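Structure first, commentary second.
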Amino acid sequence: GAIRALLDLAPKTAWRVPQNGTDEEISLDQIAVGDLLRVRPGDKVPVDGTVVEGRSTVDESMVTGESLPVTKSVGDTVIAGTINQSGSFIMRADKIGRDTMLAAIARIFDETEQKCRNVVAQLPDGVYEAEAALDDDGVRKDSTVENLAKLKPFFDRKYGNVTAGNSSQVTDGAAWL
């Protein structure tokens, strides 16, 4: 779902800049904190880090909501999953894997989804109308058993429709079961 799509914002590989040679393409799980990584135009930023060389504009809209590209230069932070638009830069990996902002956002979504599922699971399967149980003199009876026998469903949570009862006939309020 949405969490998987969020995590898919991160690229699968990155370009590590070794001290003695040419750039090498590596998978994200091979990146270590402190590694120098080259980000080219059109590349996604692989991990959270700091620009150490170069200048570019980065589209951060999917993380921050900012619609305009943000200029990045030496000393600026960059966020995993954002897209380098123009220019090339070298960044130092500061946060990797579960420590990135992208992973933190995914965890928040996951926790929120779990909390919502728990709340929904506790909701009743329907809203029921209860007719007041009255004795022969028109006096209300407080017998729970007699009141329960008169419950008629009028809203079904599972299907979201009106069922056998009629909500306009509620005389004793709605009861959640």
Side-chain angles (χ1 to χ4, degrees), residues 1-127 153 155-163 174 176-177:
I3 296 169
R4 174 77 351 226
L6 186 63
L7 291 174
D8 285 344
L9 290 175
K12 305 296 180 229
T13 61
W15 290 97
R16 183 165 37 204
V17 180
Q19 293 180 348
N20 57 355
T22 59
D23 296 358
E24 59 180 332
E25 188 173 19
I26 59 171
S27 65
L28 290 190
D29 62 352
Q30 292 177 296
I31 298 173
V33 172
D35 279 353
L36 296 180
L37 307 169
R38 185 178 310 279
V39 182
R40 299 173 179 157
D43 285 353
K44 291 181 180 179
V45 175
V47 295
D48 293 355
T50 305
V51 175
V52 296
E53 181 182 312
R55 180 181 168 93
S56 186
T57 57
V58 176
D59 178 358
E60 296 182 337
S61 61
M62 68 283 300
V63 176
T64 66
E66 174 59 54
S67 61
L68 298 175
V70 180
T71 301
K72 298 292 182 174
S73 58
V74 175
D76 291 334
T77 59
V78 288
I79 302 168
T82 58
I83 302 171
N84 183 28
Q85 290 194 326
S86 62
S88 179
F89 61 87
I90 297 175
M91 62 174 285
R92 180 185 62 245
D94 295 334
K95 294 183 180 180
I96 60 173
R98 296 184 53 85
D99 295 330
T100 64
M101 182 181 295
L102 195 58
I105 293 169
R107 278 193 304 278
I108 290 169
F109 271 102
D110 187 46
E111 290 168 6
T112 302
E113 182 179 47
Q114 290 302 319
K115 287 178 185 176
C116 288
R117 283 184 187 180
N118 291 341
V119 168
V120 170
Q122 293 174 15
L123 290 176
D125 286 335
V127 176
F155 178 78
D156 182 0
R157 175 179 60 88
K158 184 174 181 182
Y159 299 104
N161 57 6
V162 174
T163 59
W176 289 91
L177 291 182

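This is a predicted model, so every value here is computed, not measured. Both backbone and side-chain heavy atoms feed into the values below; hydrogens, waters and symmetry mates do not.
The two residues Ala103 and Gly97 come nearest to each other via the heavy atoms CB-O, 3.6 Å. Minimum heavy-atom separation, Thr57 to Thr71: CG2-OG1, 3.9 Å. Counting all heavy atoms, side chain and backbone alike, Val47 lies closest to Ala93 at CG2-CB, 3.7 Å. Between Pro11 and Leu28, the shortest heavy-atom contact is O-CD1, 2.8 Å. Between Pro46 and Leu37, the shortest heavy-atom distance links the atoms CG-CD1, 3.8 Å. For the residue pair Ser73 and Val51, the shortest heavy atom distance occurs at O-CB, 3.4 Å.
Scanning for side-chain hydrogen bond (donor to acceptor under 3.5 Å, both in side chains) contacts around Ser88 gives an empty result, with sequence neighbours left out. Not counting sequence neighbours, Asp43 has no partner by the salt bridge (Lys or Arg N to Asp or Glu O under 4.0 Å) test. With sequence neighbours excluded, no residue forms a side-chain hydrogen bond (donor to acceptor under 3.5 Å, both in side chains) with Asp48. With sequence neighbours excluded, the residues forming a side-chain hydrogen bond (donor to acceptor under 3.5 Å, both in side chains) with Arg38 are Asp23, listed by chain and number. Evaluation of the side-chain hydrogen bond (donor to acceptor under 3.5 Å, both in side chains) rule for Gln85 yields no partner, not counting sequence neighbours.
Under the side chain to side chain contact (heavy atoms under 4.5 Å, CB included) test applied with Val52, the options Val17, Val74, Leu36 reduce to a single match, Leu36.
Note that OG1 of Thr22 is 8.5 Å distant from CH2 of Trp15, once rounded to the nearest 0.5 Å. Between atom NZ of residue Lys12 and atom NZ of residue Lys44 there is a gap of 7.5 Å, rounded to the nearest 0.5 Å. Rounding to the nearest 0.5 angstrom, the gap separating the NZ atom in Lys95 from the CG atom in Leu102 is 13.0 Å.
The shortest distance between side-chain heavy atoms of Asn20 and Pro18 falls below 4.5 Å. Side-chain contact check for Met62 versus Ile83: some heavy-atom pair is nearer than 4.5 Å. Between Val39 and Val78, every side-chain heavy-atom pair lies at or beyond the 4.5 Å cut-off. In this structure the side chain of Arg16 never reaches within 4.5 angstrom of the side chain of Ile31, judged on heavy atoms.
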Residues Gln30, Asp35; criterion side chain to side chain contact (heavy atoms under 4.5 Å, CB included); working and verdict: CA-CA 10 Å; Gln30 292 177 296; Asp35 279 353; over 6 Å; no
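Residue pairs that meet the salt bridge (Lys or Arg N to Asp or Glu O under 4.0 Å) test with at least one member in residues 61-89, sequence neighbours left out, are Glu60-Lys72.
Within 6.0 Å of CZ on Arg40 lie more than 12 heavy atoms contributed by other residues, nucleotides or ligands.
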